[in-house]
Each structure stands twice: as C-alpha cells, then as structure tokens.
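Here is the structure we will look at, set down as structure tokens.
What you see is a predicted model, and the numbers here were worked out from it, not measured in a lab.
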Amino acid sequence: MFPYPSGNIHMGHVRNYVIGDICARYHKLKGDEVIHPMGWDAFGLPAENAAIQFKTHPRDWTLNNIENMKSQLQKLDLDIEWDREFATCNEDYYRHQQELFIDLYNAGLAYKKDALVNWDPVDQTVLANEQVIDGKGWRTGASVEKKNLSQWFFKITDYAEELLNDLDNLKLWPEKVKTMQKNWIGKSSGAEIKFKISGSNEFLNIFTTRPDTIYGATFIGVSVNHPLVSKTLNNKAIKEIKDEFSKVDGEKDKIGVSLKINCLHPMLNKEIPIYVANFVLDNYGEGAIFGCPAHDERDFEFAKKYDLPIIKVIDCRDEDLPYSGDGKIINSEFLNGLSKDAAINEIISYFTRKQIGKEKINFKIRDWGVSRQRYWGCPIPVIYYEDGSYRVLDKSELPVLLPYDVNLKGKGNALLNLDKWREIICPKTNKKAYRETDTLDTFVDSSWYYIRFLNNKLDKPFEIEQVNNLLPVDKYIGGIEHAILHLLYSRFFMKALRDIYGLKVDEPFKQLFTQGMITHKTYRTSKGEWVMPREVVIKDGQLILEKTREIVEEGPSEKMSKSKKNVIEPDEILNSFGIDATRIFMISDSPPDRELEWTDEGIQSSKNLTHRIERYFSQKKTDIDLEVEKKVELFIYNIETNILNFSLNKCVADIYTLFNYLEKRKVYLNNSELSSKILTCLFPILPNLSSLICRNLFNISKFKHWPDVKKDLLYKDKIVLPIQVQGKLVTTIDTKKGYIEKDILKLIYQLDKVKNKIQDKKVIKVINVQDKIINIIVY
RNA sequence: GCGCCAGUGGCGGAAUGGUAGACGCGCUGGUCUUAGGAACCAGUGGGCAACCGUGGGGGUUCGAGUCCCUCCUGGCGCACCA
C-alpha cells in the first residue's frame with residue numbers, strides 16, 4: 001500500500017516495503033515481469049491541519065514530505081521503479097479521477113442527496129460510516145455528530161451482494177479480513193412490513209428478520225431521527241428527547257418516549273403504540289421496528305419498563321422468556337403449529353398477496369459518502385446554478401484545478417470563501433454558476449491508484465487492454481487497519497469500473513498479505529511520564545533514567561508511537577547498522593504477519609550476521625564435496641519456498657543453517673559456482689551485501705537467473721530411522737532408504753534399549769512406515 | 001453477546017498425523033586478542049534417574065503440538081443489526 005506523506009518514514013513502512021521488495025527481487029530473478037511501483041496518498045486532512053499550525057501551505061508541506069520520504073526510502077535500497085511514481089494531489093492524477101467521477105455519475109453510481117451524515121466537529125467535515133469507529137472520528141477521536149446535509153454518495157450498495165459473494169473467490173486473502181468485510185456488508189434476510197398509521201393514510205415501513213412473530217407485536221419503535229418524529233414533534237421536543245437519550249448508557253438502558261400516535265396491527269384488529277426508542281438505530285433497516293417482547297431481549301426489557309403487553313407466539317416455558325429460538329408457533333391464527341421457517345414463508349406470502357409487505361434482503365452497508373468540506377482534496381467536477389440546480393461537468397471541461405492561493409485561517413472550507421475561484425459563468429448556458437466546494441474523500445484517491453501505476457503518463461485514467469493484461473495486483477501488502485476501508489472501497493471501484501469500461505477484472509488484489517505491527521518496550525517514571533527506552537539504564541538491578549536517576553518502570557511492548565516515546569527512527573538505524581542489517585532484522589524474529597518486537601539485541605545480531613557472511617566469503621577456497629553441494633541445493637529450495645510463502649523468518653533461519661554447516665566443516669566456497677548460487681539467493685534479502693561480495697569475487701555487478709534446484713541432489717539416501725515401542729520413541733538407528741523391513745528388525749531386536757522395553761512381552765504387530773518410522777506393538 | 005485467530009523452553013519462534021523445541025536471542029563455562037556493537041569452542045526444556053513434557057479434560061489413531069469434542073486464558077474484529 002502506498003504511504004501517506006506524513007513527514008518521515010517509520011519502522012512500519014520499512015517492514016512493509018522490505019517484505020514487498022524481497023518478493024519483487026525474487027520474482028525478477030525468476031524472470032517474471034514485475035511492476036514494483038511507489039506513489040503518494042497525498043491529499044488529506046493532516047496536511048491542511050499542519051499547514052494551519054506551521055503557517056505553510058498544504059501543497060508545500062506535502063511535496064516537501066514526499067521529497068524527504070522518498071530519499072529515506074531510497075536509502076533502504078528498494079528496487080522500486082521510480083518512473084511510475086505519482087502523488088494523488090497533483091493535477092496529472094486527480095484530473096483523471098474527476099473523469100472517473102463523471103463516469104460513475106453517468107452510470108448512476110454517484111448521486112447527491114440530503115442525508116443524515118457523520119460530522120466530525122474537530123476536522124469540520126463529514127465522514128463516511130467506515131471512518132467512524134465507536135462513534136468517534138477515525139483520525140481525531142472526536143465524538144461524531146449527526147447532521148442533515150446535502151452530500152455526494154457512491155452507490156456501493158449496488159454491489160453489496162457481489163462484494164459479499166466474491167469474498168469466496170479471494171483464496172489468497174486472510175480469513176480475518178474477509179470476515180470483517182462480511183460483517184460490515186451485513187446481509188440479512190427477512191421481510192419489510194407496512195404498518196398503517198392510525199388516523200392517517202400513511203404507512204410506516206419496518207424491516208424484520210422474524211416476520212413469524214408478527215402476532216406478538218405489541219408496540220412500534222422508531223429512531224429519534226426517523227422522519228415520522230420530525231413530522232409529529234417540534235424541534236424543541238425532539239431536542240429534549242435527544243438530551244434524555246444521551247444521558248443514559250445507551251448500551252444498557254432501554255428508554256423511550258411515546259409519540260402518542262398508534263399503528264394498526266396488520267393482522268389483528270387492534271392498535272399498537274408508537275414509541276421513539278433509544279435502541280432503534282437510524283442507519284439500519286428502515287430505522288423502525290415492531291416490538292415483540294416475548295421473543296426479543298431488547299423488546300422484552302422495553303416492554304417491562306413501559307408496561308406493554310407481552311404476548312407469547314412461540315411455544316416455550318414462561319421462565320424462558322424472552323425466547324428467540326425456534327419452536328412451534330402459537331396464538332397466531334393460520335400460522336399456528338408451524339415451525340419458525342415455515343411460518344416465515346407462510347406469512348411473507350400472505351403479506352405479498354395483501355400488498356402489506358414483501359420479502360426483503362437487508363444490508364448493513366450504506367452508500368459511501370464522499371463529500372468532504374475541506375480544501376485539500378480532489379475538487380468534485382460539478383457546478384451549481386443560482387436556482388439551486390446543478391450540472392456535472394463534461395469531460396471536455398476538465399480539469400477543475402484546485403487553486404493554490406487560499407486563506408486557511410478562517411473556519412470551515414477555504415474554498416467557500418474563495419469567490420474568484422468559486423464563481424464562474426457556465427460556458428453552456430452563460431448563466432452565473434458556482435463550483436462545488438466539497439472535495440472528494442481521500443479514500444477515493446486510493447481506490448484506483450494501483451490502476452494508475454500501470455501507466456502514470458497516460459492522457460486518460462488507464463488503458464483498458466493494459467488493465468485486462470496486468471491486473472489484478474498479484475501481491476498486495478499492508479496493514480490490517482484498512483480491512484473495511486481502503487480494501488472494500490477498492491473492490492467496489494474495480495467492479496464499478498469493470499462495468500463502466502467492460503474490463504475483464506473483478507477484483508483489484510489477488511493476494512493480500514497483512515503485515516504485523518512493530519512494537520517496542522515502553523518505560524515510564526513513577527509520575528507516569530513516558531521515557532525513551534534508550535535513556536533508561538540498569539543500576540544495581542534497578543531501571544533508572546540516566547539523566548535524573550529517577551526510577552522507571554518497564555511496561556509491555558506496544559506499538560511504536562510518539563506519545564509513548566517508544567519510536568525507533570529508521571534513519572538512525574540505517575546510519576548505525578546499515579541497510580542489510582536493517583532488512584534482516586525486519587524479517588528475522590517473527591513471521592511477517594505477526595507483531596515484531598524491536599530489540600537492541602535483535603538488530604545487533606542481524607548486523608553480526610552480515611559481518612559473518614562477509615567474512616566467510618573472504619576466506620580462501622577449499623575442496624568442495626557432494627555433501628556441500630547437496631546442502632546448497634537444499635538452501636536454494638528452502639529460500640525459494642519460504643519467500644513464496646511469506647515465511648521470511650524461516651529464510652533467515654535457512655541462512656544461519658547454511659553458514660553454520662559450512663563453517664563447522666570449514667568448507668569455504670570463495671568464487672566457486674556454488675558461491676554464485678548462494679549469493680543469488682541472498683540477493684532479494686541482502687541486495688547491498690550480496691552485490692558487493694559478488695563484485696569482489698566475480699567482478700560482475702548483476703545477478704543472472706535464480707538458480708534451478710537440482711532436485712536429484714535433494715534426495716537423501718542416508719536416514720536416521722526412529723524406533724518406537726508402543727508408539728513411544730525408544731531409539732534411532734542410522735540406515736539407508738529402501739531398507740528391508742525383515743533385515744532391519746533383526747538389528748533392532750538386538751538393541752539393548754529395545755530389548756529392555758520389550759522384555760518378555762510378545763510382539764503382536766510391527767508398523768513400518770517405510771523410510772519414516774518403525775513402531776513395535778507388544779502385549 | 002457473536003465471529004475469527006492464537007496458547008510450544010527464560011524469550012522470539014520451528015515442526016506434509018511419524019525423532020517436539022529447527023534457527024535466533026539470552027544465559028553458563030572456556031579460548032583468543034589488533035579490547036570489539038567482536039570472533040571462536042562446548043553446553044543450554046524439566047528431572048540424579050526411570051521418566052515427564054506443546055493451556056486443562058476427554059476422544060480418534062499403531063502413533064496427536066497437529067484431527068474431533070469440551071472447557072479455560074489471551075488477542076483482534078463486530079456489536080442494541082430488529
């Protein structure tokens with residue numbers, strides 16, 4: 001995943017890009033066509049906030065950071081094609097995005113509507129549902145407010161079913177990410193039922209997964225944001241209810257206020273009251289429910305509190321109420337005696353016949369709100385006329401450039417105050433018009449950047465042929481935090497573009513690898529102040545702060561963060577330990593998908609390994625025998641297998657195993673053919689060091705092809721055969737593959753250890769797994 | 001509450017149902033010395049031993065860290081989803 005240019009590369013970036021670089025270098029050596037690009041996710045709020053804080057311009061701040069981070073990345077010796085580089089904040093990227101916006105609009109996948117949206121009061125902008133975590137903005141942590149605003153949306157819900165189903169085809173994605181997306185899409189099937197409002201000709205729509213319990217409905221609950229509420233109550237009354245609701249711990253207490261109007265029960269000749277209830281969500285289903293207290297925990301609690309009738313419609317013991325399981329339907333006229341599923345079918349067909357309801361599949365996922373009320377983003381190519389109507393621009397009218405000269409000091413969106421940019425005369429109608437001042441969510445930028453990497457110079461977003469030939473991305477590496485943000489949006493984009501352009505690609509990323517985070521020990525003083533690990537020393541068995549001699553306490557290893565002062569700067573590490581040791585450490589201690597704890601010992605031993613390899617190859621050549629050759633072939637095989645499986649920690653173990661063997665036997669390969677093979681295999685992991693040694697030994701600077709493994713040399717003739725008695729290991733014997741069972745048993749029975757085990761018992765069975773193990777069963 | 005993943009030495013971690021602990025860190029003892037952020041040699045799961053050992057308890061199997069059931073613990077995600 002491409003980085004956000006926040007200022008400096010951090011260790012997480014280093015790990016991410018080293019993993020990818022090892023794969024890329026390996027595949028290049030194999031002769032595969034590899035595209036290994038880098039770019040910048042360069043629009044976004046941090047730039048704007050930083051610009052205000054440091055009195056600079058978001059563009060200058062961003063471009064500066066890019067320059068800095070690029071030079072830092074280059075120090076890592078990454079084999080990146082910098083020709084493909086771009087930043088999403090530059091015109092030559094976002095102008096094409098504006099074109100895609102127009103495509104989406106024309107395809108009916110982008111639309112504008114008034115909606116209740118998430119408002120981040122700190123960043124002063126709207127956020128998509130995916131960007132609100134536990135009711136708080138994902139970047140600011142501020143409590144999100146609900147606002148009714150006219151906003152642009154992308155119709156991701158059109159693809160809900162496909163986004164869900166196609167997860168099954170993503171065989172090379174972590175199960176965890178797929179589960180998260182599945183939960184987010186949130187498909188459930190049930191029915192939509194129309195309840196007639198008493199004394200009115202209007203109806204209230206309700207979604208339920210349990211239409212079989214309709215006869216047990218004794219009240220209606222609506223969300224406080226439901227249209228019926230604003231129609232019935234005045235603003236003051238609504239505000240009072242909201243205040244009331246915000247006072248209780250919404251997760252626990254179910255409270256409500258009667259709207260003092262009723263609904264007609266669709267099956268029974270009776271009226272049931274409508275309540276505004278705090279536990280009814282406005283963003284799920286229709287924002288309205290029917291309450292069936294006997295068979296739903298929440299409804300039960302609510303009914304108890306407000307003394308509403310509880311009518312049992314599924315046969316169960318009274319003490320089991322509320323009972324939400326399966327059972328025989330009772331008290332429900334023609335449904336009586338049916339099971340849950342049969343009753344659901346029966347009642348839905350009844351509703352359909354009577355036109356008071358229908359079968360309904362409901363999705364939790366909502367359309368993607370993409371409008372942001374901030375300056376530093378891609379302008380939305382739309383103009384508004386004075387009568388309030390709007391027009392999406394033609395592609396010929398693009399690009400809509402983001403102006404540079406803005407005043408960011410005022411509150412709100414700087415573009416709103418920039419009349420000379422905002423006001424135009426529409427060239428089509430000659431009428432006065434105003435540009436859209438909302439910009440696109442930065443997740444739009446990152447939803448198609450991998451396509452742009454195929455050709456960043458093209459005068460249109462992409463070439464259809466090229467997309468068909470080269471996508472999906474074979475290996476995509478990044479953190480799991482994007483599981484339902486970037487990774488879901490990109491899947492939607494790929495599918496939408498497929499339908500618009502007739503592409504043959506369904507999914508953007510064939511294999512997803514989620515790398516673990518890097519952690520480091522934390523330390524704090526007795527006052528609770530965080531202390532940098534390198535300022536801590538041990539004195540008389542006590543951890544103390546070197547400067548002030550204060551006693552400090554060691555905390556758990558946690559994700560590196562500036563606030564906890566446990567950050568390690570890549571620049572410093574590269575300067576003291578070099579590229580190769582840094583790369584080795586990034587992959588050595590843990591599997592790449594798990595946490596990696598930063599330790600001083602770890603980076604030091606990585607450095608020692610690089611020295612050791614260097615020393616090894618400077619030794620004079622000795623005789624080489626077949627066994628050495630076999631070990632080298634095994635090494636090639638193992639490294640290759642482990643790179644392909646992302647088991648990079650095992651690659652490091654393979655390196656140690658090989659050099660332990662060679663040095664133990666004092667076999668030195670120097671400039672032999674075997675050295676060349678070993679160095680080629682080291683190249684993806686240690687490009688700098690292996691190139692250097694290669695130049696010294698062979699006077700060539702480039703590695704040729706990845707060596708083909710001589711499979712016949714992997715065959716092991718001599719084996720150590722484990723001998724078990726009663727399934728427990730007793731001893732092992734050295735033998736050769738293909739031994740004759742009868743002959744070897746004679747030998748085995750003479751071994752003291754075996755004799756002692758068997759004693760005078762009778763051998764009743766011998767299990768010989770040829771060349772693997774022998775198990776003797778006695779009685 | 002629901003879902004997913006994990007639990008193996010002092011630590012990070014290896015083990016297509018077939019010798020548990022590869023490899024590394026740390027530690028112990030030693031060697032060398034151009035005194036290094038070294039290097040090298042030997043050792044390092046527990047136990048004197050027989051033996052015991054992969055979170056607990058069952059099961060399948062000739063054989064289980066690995067498969068099944070169940071419980072416990074930890075992590076992550078979702079969570080009033082009607």
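With no hydrogens or angles considered, a side-chain donor-acceptor pair links A:Tyr661 and A:Arg665 at under 3.5 Å. Side-chain atoms of A:Asn129 and A:Asn283 form no donor-acceptor pair, as typed in the model, at a separation below 3.5 Å.
Taking the syn range as angles within 90° of 0, the glycosidic angle of B:rG10 is outside it, so the base is anti.
As rounded to whole Å, 18 Å separates atom P of B:rC81 from atom CD1 of A:Ile361. The nearest whole Å value for the distance from the CD atom in A:Glu175 to the P atom in B:rA6 is 11 Å. At whole-Å resolution of the value, CG in A:Asp654 and P in B:rG24 are 12 Å apart. Residue A:Ile773 contributes atom CD1, which lies 18 Å from atom P of B:rU61 at whole-angstrom precision. For A:Tyr779 and B:rC62, the OH to C1' distance is 16 Å, given to the nearest whole Å. Going from atom NZ of A:Lys521 over to atom P of B:rC25 covers 17 Å, rounded to whole Å. Atom-to-atom, CD1 of A:Ile480 to P of B:rC78 comes out at 10 Å; the value is rounded to the nearest Å. One atom, CD1 of A:Ile185, and another, P of B:rC78, lie 14 Å apart when rounded to the nearest Å.
The nucleotide B:rC78 finds its pairing partner in B:rG1, both defining distances of the Watson-Crick or G-U wobble pair being shorter than 3.5 Å.
Counting atom types as modelled, A:Asn775 pairs a side-chain N or O with a base atom of B:rC62 as donor and acceptor under 3.5 Å. The base of B:rG1 has none of its N or O atoms less than 3.5 Å from a complementary donor or acceptor on the side chain of A:Glu297.
Under a cut-off of 6.0 angstrom, the local environment of NZ in A:Lys736 is sparse, with at most 12 non-hydrogen atoms contributed by other residues, nucleotides or ligands. Within a 6.0 Å sphere centred on CD of A:Glu597, other residues, nucleotides and ligands contribute more than 12 heavy atoms.
Checked against the 6.0 Å centroid criterion, the rings of A:Tyr306 and A:Tyr275 qualify as a close aromatic pair. For A:Phe577 and A:Phe585, the ring centers sit 6.0 Å or farther from each other.
Taking side-chain N and O atoms only, A:Lys728 has a distance below 4.0 Å to OP1 or OP2 of B:rC52. For B:rA42, one of the phosphate oxygens OP1 or OP2 lies less than 4.0 angstrom from a side-chain nitrogen or oxygen of A:Lys664. Within the structure, every side-chain polar atom (N or O) of A:Asn183 is placed at least 4.0 Å from both OP1 and OP2 of B:rA79. Taking only side-chain nitrogens and oxygens, A:Thr731 never comes nearer than 4.0 Å to OP1 or OP2 of B:rU19.
Between A:Gly285 and A:Pro591, the one whose closest nucleotide on RNA chain B sits nearer the 5' end is A:Pro591. For the pair A:Lys772 and A:Arg615, nearest-nucleotide mapping onto RNA chain B gives the more 5' position to A:Lys772.
Within the nucleic acid shown, A:Ile767 comes within 4.0 Å of at least one base atom, counting heavy atoms only. Residue-level contact check: A:Asn649 touches the backbone only, with heavy atoms under 4.0 Å from sugar-phosphate atoms and none from bases. The residue A:Lys650 sits close only to the backbone: its heavy atoms come under 4.0 Å of sugar-phosphate atoms, none of a base. Counting non-hydrogen atoms under 4.0 angstrom, A:Thr732 reaches a base of the nucleic acid. Among the heavy atoms of the strands lying under 4.0 Å from A:Ser576 is at least one base atom, whether or not backbone atoms are also near. Using a 4.0 Å heavy-atom criterion, one finds that A:Gln604 contacts the bases of the nucleic acid, with or without backbone contacts as well. Using a 4.0 Å heavy-atom criterion, one finds that A:Tyr656 contacts the sugar-phosphate atoms exclusively. Within 4.0 Å of A:Leu281, counting heavy atoms only, lies at least one base atom of the nucleic acid. Counting any heavy atom pair closer than 4.0 Å across all strands shown, A:Lys757 reaches sugar-phosphate atoms only and no base atom. Note on A:Val280: a base of the nucleic acid sits closer than 4.0 angstrom, heavy atoms only. When heavy atoms are screened at a 4.0 angstrom cut-off, A:Asn362 is found touching no nucleic acid atom at all. If you check every strand for non-hydrogen atoms under 4.0 Å, A:Phe290 touches nothing. Within 4.0 Å (heavy atoms only), A:Asn608 reaches sugar-phosphate atoms of the nucleic acid but no base atom.
A:Glu286 has a carboxylate O that lies under 4.0 Å from a charged side-chain N of A:Lys360, or vice versa, which qualifies the two as a salt bridge.
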